Asks: 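Input: one structure, supplied below.
Count residues from 1 along the sequence. Every value quoted in this text rests on a predicted model; they were computed, and no experiment measured them.
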Amino acid sequence: MSGLLVCVLMAALVGVGLTSPVSKSDGNTKQGGILPQLLARREAVRNVAENVAKREQDTQTSMARMERMAHLSEDQREFMSKQIMQAISEMNECPDRDYQGWVDFGRRSAE
């Protein structure tokens with residue numbers, strides 16, 4: 001599905017690029033030529049394709065998360081949320097405590 005979407009999007013952008021007029025002065029193309037314009041358009045197409053792929057991946061991740069949580073009761077979801085918050089807060093506390101203890105140990109050994 002996403003491959004088809006990217007192909008259609010690229011075809012539309014290439015079609016627009018080919019049908020847009022090129023400015024000419026004295027029979028020559030603008031300074032810098034058409035190559036920089038084509039390269040810029042190619043980069044724009046790549047950026048759009050990457051954004052589409054990222055959005056699709058985010059959607060799939062979100063849907064998978066919802067499916068995992070769907071079979072849990074409200075109490076179970078609340079319990080898991082509390083456990084996750086506690087684990088995160090403990091992870092944030094440990095590095096400070098360990099580092100301060102190490103500094104204290106270093107001072108004591110120097111005396």
Asks: Sequence neighbours left out, what passes side-chain hydrogen bond (donor to acceptor under 3.5 Å, both in side chains) with E74? Give chain and number order.
Replies: R77
Asks: Kindly write out the residues that satisfy salt bridge (Lys or Arg N to Asp or Glu O under 4.0 Å) with D58, not counting sequence neighbours, or none if the list is empty.
Replies: K54
Asks: For the CZ atom of R42 and the CG atom of N47, what is their distance to the nearest 0.5 Å?
Replies: 11.5 Å
Asks: So, using side-chain contact (heavy atoms from CB on, under 4.5 Å) as the criterion, who are the partners of I84 when residues are at least two apart?
Replies: I88
Asks: Using modelled atom types only, decide if a donor and an acceptor are shared between the side chain of Q76 and the backbone of S73 within a distance under 3.5 Å.
Replies: yes
Asks: Does E78 have any side-chain hydrogen bond (donor to acceptor under 3.5 Å, both in side chains) partners at least two apart in sequence or in another chain, and if so, which?
Replies: K82
Asks: Can you list the residues that meet the side-chain contact (heavy atoms from CB on, under 4.5 Å) rule with S62, with sequence neighbours excluded?
Replies: M66
Asks: Taking only residues two or more places apart in sequence, or in another chain, which ones meet E43 in a side-chain hydrogen bond (donor to acceptor under 3.5 Å, both in side chains)?
Replies: none
